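In this text, all values refer to a predicted model and were calculated from it rather than measured experimentally. Chain identifiers are assigned alphabetically (A, B, ...) following the order of the sequence lines, protein sequences preceding nucleic acid strands; residue numbering begins at 1 within each chain.
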Amino acid sequence: MRMQENGNNITKNSSIQKKKQKNTSDRKDSAFSVEQYNMGTHRIGRISSIITLVLLVGAPFLIGIYLHAMPDLSAAAKGFLSVGLIWTVSSVVEFLVYTPMLGSGGGYLAFITGNLINMKIPCAMNARDIAGTKAGTTENEIISTLSIATSSLVTIAVLALGVLLLQPLQPVLQSQTLAPAFENVVPALFGAMAWQYYRRNLRLAVIPLAVMTVLFILVPSLTAQTSMMILPSGALSILLAWLEYRKKKTEIHKSTSEGRNMK
Amino acid sequence: MLQKLNSPFMYLVCGLIILFVAIVCLVFLVRSYRAGKAMGMDPKVLKRAITSSATFTVLPAVGILLGVIALSGSLGTPWPWLRLSVIGALHYETQVAEAASEAVGIGSLSITHMTPKAFTTIALLMSVCIMWGMILSILFNKRYTGRLRKRDSQKRNGSDFGDSAMTAMFVGLVSAYIGSYIGNLVSGRGNFSFRGNPVPLIVAGVSAVAMGLFTFLSEKKGLRWLENFSVAGSMLIGMAAAVFLG
């Protein structure tokens, strides 16, 4: 009898403890503030970006001390004028276009870790699709940050492992047989993404795809600057989506007012 | 020269910077996971986002590793390893390194012409040319995303164009690439000659069909777990097709 009572007490106590734990975690959850989270993201993002920037620009000078040869600043300036300006314009465009897609946390991380078009953007969009979150929401911000942080860590791990095993891996990775596979990573990626996006937005995709195809056929040299062509193609798609959205909105408005008139 | 560029000192400098960035990624990962849980998001969804992103990344990362190997012959291994782990982009690095070597006067990017001064100058130029995204983030990310968030919350009542705009932007991005593959096939070797490279278009097609199959299996046959590996699996099949095409 007593044993049973004790047993009951233990169960009771543990359930009280569980309730207490739940209450504490609920309190923790309710203490979560989106505003504070965002502020923290910007603080960490800015500090880590500044440190990375200093490290990356400082590294050539540190290596210069080791090699007893500092960088030639006038040659670097000349080189910057010939190639850097294009990349500066491209960076501004990338920042304006991709930041809304990535959110604040994802944005900081993606610009620190690079490989945006060929990896981070499709990766974040894929995670967003799987999680079913909507752009501009905190949930989307969280999924995007999770996705880009994971993607960056996996890239760092694969490259570190690859560099560590460079000698044994080199013959495999550079074999003539496998060369076409690695030359076509990006087409394979965009083929898969095309299916995912075109099947749900076929009407939206037809015109941008047709316009881009005609443009690349008529001006084949543009294929070397595909990443630059994303901007007009994206702008055209957004314009078409906007027109479709307006049309739907007007139809809804019309049917609502017709319904009211019927009443 | 190559020996110096592959010295333990170079590995240490580059490795420490990569380690720092890995820690930053880890901090963001843990913070966002905790925030998601605290907000009441389903941990399963958060874990699926992590798993799908990890599987998604492996193949493109191997492609990036090839970029490291390609550049290691002229710049040593540690510097390309750093550049492609942090900030760099596969299509950017080779282009800038080539242009930088012309600017420093060694002609083409090659270890036979490489001098210590040329290397440090090329390394500096590679860093400076691509740092603007990061600078813009430091200066404007807060204001820009804040404004976007404000606009979204103002329009939340009945409007979700922000979401459609993101999808549309991505449709545009994909269209630019697919259009370039078709353009390359049709006019790659002379206007309307149809003698250009068909492989990228075929690979994209095979990958799309494979993706369709994966979607069918995960949506219609109840194999939801496949969703996490569908992009990586489709890419693998597409890349295998490239091997068969030679």
Please find the pair of heavy atoms, one from [X] and one from [Y], that lie closest to each other, and give the distance.
X: A/Ala241; Y: B/Ala168; result: CB-CB, 3.7 Å
X: B/Met239; Y: A/Ala188; result: CG-CB, 4.0 Å
X: A/Arg46; Y: B/Ile138; result: NE-O, 3.1 Å
X: B/Ile50; Y: A/Thr150; result: O-CG2, 3.4 Å
X: A/Pro100; Y: B/Tyr144; result: CG-OH, 3.5 Å

Quick one: side chains of residues 176-184 of chain B, donor-acceptor pairs under 3.5 Å with protein atoms, not counting sequence neighbours, listed by atom name and distance.
from, atom 1, to, atom 2, distance (Å)
B/Ser180, OG, B/Tyr177, O, 2.7

- Can you measure from CD1 (A/Ile50) to OG (B/Ser137) and round to the nearest 0.5 angstrom?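 Reported to 0.5 Å precision, the distance equals 11.5 Å.
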- Quick one: pull up CZ in A/Phe95 and CD1 in B/Ile135 and give me the separation to the nearest 0.5 Å.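 The CD1 atom of B/Ile135 is 12.0 Å from CZ of A/Phe95, to the nearest 0.5 Å.
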- Return the option, out of B/Leu59, B/Ile202, B/Leu46, with the maximum number of heavy-atom pairs under 4.5 Å with chain A.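 Heavy-atom pair counts peak at B/Leu46.
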- Interface residue of largest heavy-atom contact number with chain A, from B/Gly238, B/Gly146, B/Gly233, B/Gly133, under 4.5 Å: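 Most heavy-atom pairs under 4.5 Å with chain A: B/Gly133.
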With only heavy atoms counted, which part of [X] is less than 4.5 Å from chain B, the side chain, the backbone, both or neither?
X: A/Arg200; result: neither
X: A/Ser144; result: neither
X: A/Leu240; result: neither
X: A/Asn184; result: both
X: A/Val92; result: both
X: A/Ala210; result: neither
X: A/Met119; result: both
X: A/Pro232; result: neither
X: A/Glu244; result: neither
X: A/Leu73; result: side chain
X: A/Asp72; result: both

- Message: Treating B/Ser187 as the side-chain partner and A/Ile217 as the backbone partner, does any N or O pair qualify as donor plus acceptor under 3.5 Å?
- Response: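 Yes; at least one donor-acceptor contact below 3.5 Å.
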Contact winner vs chain B - [options], heavy-atom pairs under 4.5 Å:
options: A/Leu178, A/Leu236, A/Val34, A/Val186; value: A/Val186
options: A/Ile143, A/Leu189, A/Thr155; value: A/Leu189
options: A/Ile63, A/Leu159, A/Ile47, A/Thr177; value: A/Leu159

- Task: Classify the angle between the aromatic ring planes of A/Phe190 and B/Phe170 as parallel (below 30°), tilted (30 to 60°) or perpendicular (above 60°).
- Result: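 It falls in the tilted class, 30° to 60°.
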- Task: Check the pair A/Leu109, B/Cys25 against side-chain contact (heavy atoms from CB on, under 4.5 Å), reporting the backbone distance first and the verdict last.
- Result: CA-CA 7 Å; A/Leu109 269 188; B/Cys25 293; 4.0 Å; yes
Judged by modelled atom types alone, do [X] and [Y] share a side-chain donor-acceptor pair under 3.5 Å?
X: B/Ser32; Y: A/Thr145; result: no
X: B/Thr57; Y: A/Ser151; result: yes
X: A/Tyr66; Y: B/Ser7; result: yes

- Message: Using the rule given for side chain to side chain donor-acceptor pair (under 3.5 Å), can you reason through A/Ser147 versus B/Ser53, listing the C-alpha separation, both sets of side-chain angles and the distance that settles it, and then say yes or no?
- Response: CA-CA 5 Å; A/Ser147 167; B/Ser53 303; 3.0 Å; yes
